[in-house]
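Proteins get letters first, then strands, A, B, ... in listed order; numbering begins at 1 in each. Computed from a predicted model, the values in this text were never measured in an experiment.
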2 protein chains.
Amino acid sequence: MQNDNLKQEKPAAHKGRPREFDTEEALDKALHVFWRKGYEGTSLSDLTDAMGISRPSLYAAFGNKEELFRLALDRYAEHGPGAIQRQALSEPTARRVVERLLRGVAETLTDPCNPRGCLAVQGALSCGEAAEQVKAELCSRRSKSEAALAERFERAKQEGDLGKAVDPAALARFVVTITQGMSVQAAGGASRTDLLAVADMALLAWPSSA
Amino acid sequence: MQNDNLKQEKPAAHKGRPREFDTEEALDKALHVFWRKGYEGTSLSDLTDAMGISRPSLYAAFGNKEELFRLALDRYAEHGPGAIQRQALSEPTARRVVERLLRGVAETLTDPCNPRGCLAVQGALSCGEAAEQVKAELCSRRSKSEAALAERFERAKQEGDLGKAVDPAALARFVVTITQGMSVQAAGGASRTDLLAVADMALLAWPSSA
DNA sequence: GAATTTCTGTACCAATAGGTATGAAAATGC
DNA sequence: GCATTTTCATACCTATTGGTACAGAAATTC
C-alpha cells in the first residue's frame, strides 16, 4: 500500500497492457442502460454492447453484473441526478430545501438526455430472488436519503425555522413520497411541466403556510 | 357462438376431461407471484410452482406468460386493491373522494395478506425489451386511473364542489402521484401508520382549505 | 361400450442468461 | 531483447428462460 505515484504526470503508468477503454465512460454507458431497463431487465449483452467492450473486459474491470450496478449507482448518486438532494440540503431554510428538491427532481426526472425516472426507484422495485440484494441496496439508499432530509428538518426545527408541532420524520417521508411518485409519473411519460405543477401543489401543504 | 347453457345448473358441463384445478384460484396465486416479483422477475417455474399446475396446463388455460399477467392484472383491478379507486370515485364530494382514496391506498398497500406495493406500479416500471408491452399496458392503466379521477374532479367543479380556479387534471395528477409514491414507500417497507400520515399531510394541500 | 374430447405429466426444444478458460496482443522493467 | 504483466477477443461453459410435442389418462356423448 505504499504511495508510489510520486511524479503526478499522467494517471500512473501501469505495468501491463493498458486498458483500451475509459472506465468512467464505460461506467456511464452502463449506468444509462441500467437506468432505462432496470437491473433485471438489463442483460450482460446489453451492457457490453452499450459499453463497447467485451465480456471478459467487463468482468476484469467491474467484477460482475451486481458490482457494476453498484458502481453505476454510486456514479448516479454523485455525478448524476442523485446529487440534487445534496444540493438541496444546503439551502438555508427548510422551505427552500423542499422547494429546490421538488423542483430539481421534477427537472432531472424529465431531462431529455436521460432515461425517465429515478434509478434508485426503478432499478429494482420488485424482482426475483436473483436481484433481492440489489433491491435491498436500493431500499437502503432511499431510506438514507429520507433520513438525511429528516435530519435537516430536525435542524430547521431547532433553528426555529420550522414549527415546533412539525414531525421532521413525517415531513421528510411526505416529501420523499412525492419525489418517488414523480419518478413513477416520469416513467409513465409525464412532462416536465406536469411534474413542476405537482411540485408546486405539494408546496401548498407546507406547514408554515399558516 | 350459440348460447347453449340453457340449464344454468353448474358451470356448463364440458365435453372432455374436466380441469383438475380451479381457474380463479390458480389465477389468484399467479397474481400474488407477479405482485411480489414483478413481471420480469417472475419465471414460468415460479408460476407453476405457486399455482400447483403443470406448464402445459398453464398454457392451455391462460395462453402464455403475458396473457396470464394481463388476466392477473384484471383480477387485481376488479377484486383486488385496484377496486379502491372505483369505491372512492363514488364518494359525494371531491374532498371525500381524495380522503377515501389516499387512506384506502395507504391501507391496502400495507395489507399484511398481500405483497407490499401496487402491481400497476411495480409490475414493470422499467424493463428489458421482452416486457415493453407489459410496461406500456401498466402505463396505460395508470393513465386511465388518473383520467378517471380528473373527470371526477371536473364534475365536482361543475357541481360547485371544487373552486373554479382548480385545474382538475393537475389535481388528479397530484393525488395519483402521492399514491404512486406511497407504493414505492410500501415496497421499501413503510408501515401503515407511516402511509396514513403521508395521506393526511397530502390532504393539507387541499385547495378548499382556504 | 366405443368414439371423442380434453386435460395432465414427462420430456424436450432453441435461445439466452450470467460467467470463464485460453491464448494472442501490447505495454512495462531490466 | 527478453521476461513479466495486464488486457483483449474468441469460444465456450452450465443453468435457466419461455414455450411445446407427445402419449397416456379421464371424462362426456352417442
Side-chain angles (χ1 to χ4, degrees), chain A residues 2 4-7 9-23 25-27 30 33-34 37-72 124 127-134, chain B residues 4-7 9-23 25-26 30 33-34 37-72 124 127-134:
Chain A
Q2 72 258 23
D4 45 6
N5 296 7
L6 291 181
K7 35 183 175 179
E9 49 175 83
K10 291 294 168 70
H14 280 313
K15 275 181 290 190
R17 174 176 175 177
R19 189 166 276 146
E20 286 179 4
F21 61 94
D22 179 43
T23 309
E25 218 170 287
L27 185 54
V33 180
F34 279 131
K37 300 189 170 187
Y39 180 74
E40 274 184 333
T42 300
S43 74
L44 262 293
S45 302
D46 291 333
L47 291 167
T48 52
D49 286 355
M51 300 164 88
I53 66 178
S54 72
R55 209 167 277 228
S57 296
L58 187 155
Y59 278 82
F62 303 103
N64 60 16
K65 188 186 176 186
E66 187 172 332
E67 284 186 52
L68 175 57
F69 181 83
R70 288 187 140 86
L71 290 169
C127 59
E129 286 87 1
E132 277 297 335
Q133 287 200 298
V134 169
Chain B
D4 45 6
N5 297 5
L6 292 183
K7 36 184 176 177
E9 49 175 83
K10 290 295 169 72
H14 280 313
K15 275 182 288 190
R17 173 176 174 178
R19 188 165 276 145
E20 283 179 4
F21 61 94
D22 179 42
T23 310
E25 214 170 289
V33 180
F34 279 130
K37 300 189 170 187
Y39 180 75
E40 273 184 333
T42 300
S43 73
L44 262 294
S45 301
D46 291 334
L47 290 167
T48 52
D49 286 355
M51 300 164 86
I53 66 179
S54 73
R55 208 167 276 226
S57 296
L58 187 155
Y59 277 83
F62 303 102
N64 61 15
K65 188 186 175 185
E66 187 172 332
E67 285 185 52
L68 175 57
F69 181 83
R70 288 187 140 86
L71 291 169
C127 59
E129 287 86 2
E132 277 297 335
Q133 288 200 298
V134 169

| request: State which of dT17(D), dA9(D), dG19(C) makes the closest approach to the side chain of Lys65(A). | output: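 That would be dG19(C).
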
| message | Quick check for you: among dG18(C), dA26(C), dG19(D), whose closest atom lies nearest to any side-chain atom of Pro18(A)? | response | dA26(C)

| When we call it a touch if two heavy atoms are under 4.0 Å apart, what does Thr48(B) touch: a base, just sugar-phosphate, or nothing? |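 No contact at all - Thr48(B) keeps every heavy atom at 4.0 Å or more from the nucleic acid.
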
Between [atom2] on [N] and [atom1] on [X], what's the gap in Å once rounded to a whole number?
{"X": "Glu20(A)", "N": "dA26(C)", "atom1": "CD", "atom2": "P", "value": "8 Å"}
{"X": "Ile53(B)", "N": "dT8(C)", "atom1": "CD1", "atom2": "P", "value": "8 Å"}
{"X": "Glu40(B)", "N": "dG18(D)", "atom1": "CD", "atom2": "C1'", "value": "13 Å"}
{"X": "Arg19(B)", "N": "dT6(C)", "atom1": "CZ", "atom2": "C1'", "value": "9 Å"}
{"X": "Leu68(A)", "N": "dG19(C)", "atom1": "CG", "atom2": "P", "value": "10 Å"}
{"X": "Tyr39(A)", "N": "dA17(C)", "atom1": "OH", "atom2": "P", "value": "13 Å"}
{"X": "Tyr59(B)", "N": "dC13(C)", "atom1": "OH", "atom2": "P", "value": "17 Å"}
{"X": "Asp49(A)", "N": "dA9(D)", "atom1": "CG", "atom2": "P", "value": "13 Å"}

| query | If you take atom types as modelled and just measure distance, does the side chain of Arg55(B) reach the base of dG9(C) with a donor-acceptor pair under 3.5 Å? | reply |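 There is none.
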
| query | Below 3.5 Å, does any donor atom in the side chain of Arg17(B) face an acceptor in the base of dT6(C), or the other way round? | reply | no

| On the ring face of Phe34(A), is Lys65(A) found with NZ or CZ under 6.0 Å from the centre and within 45° of the axis? | no

| message | Heavy-atom nearest nucleotide on DNA chain D for Ser43(B) versus Ala60(A): which residue maps closer to 5'? | response |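 Between the two, 5'-proximity favours Ala60(A).
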
| Distance below 4.0 Å between Ser54(B) side-chain N/O and dT8(C) OP1 or OP2 |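 No, no such contact exists.
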
| message | Is it the case that over 12 heavy atoms from other parts of the model lie below 6.0 angstrom from the CD atom of Gln133(B)? | response | no

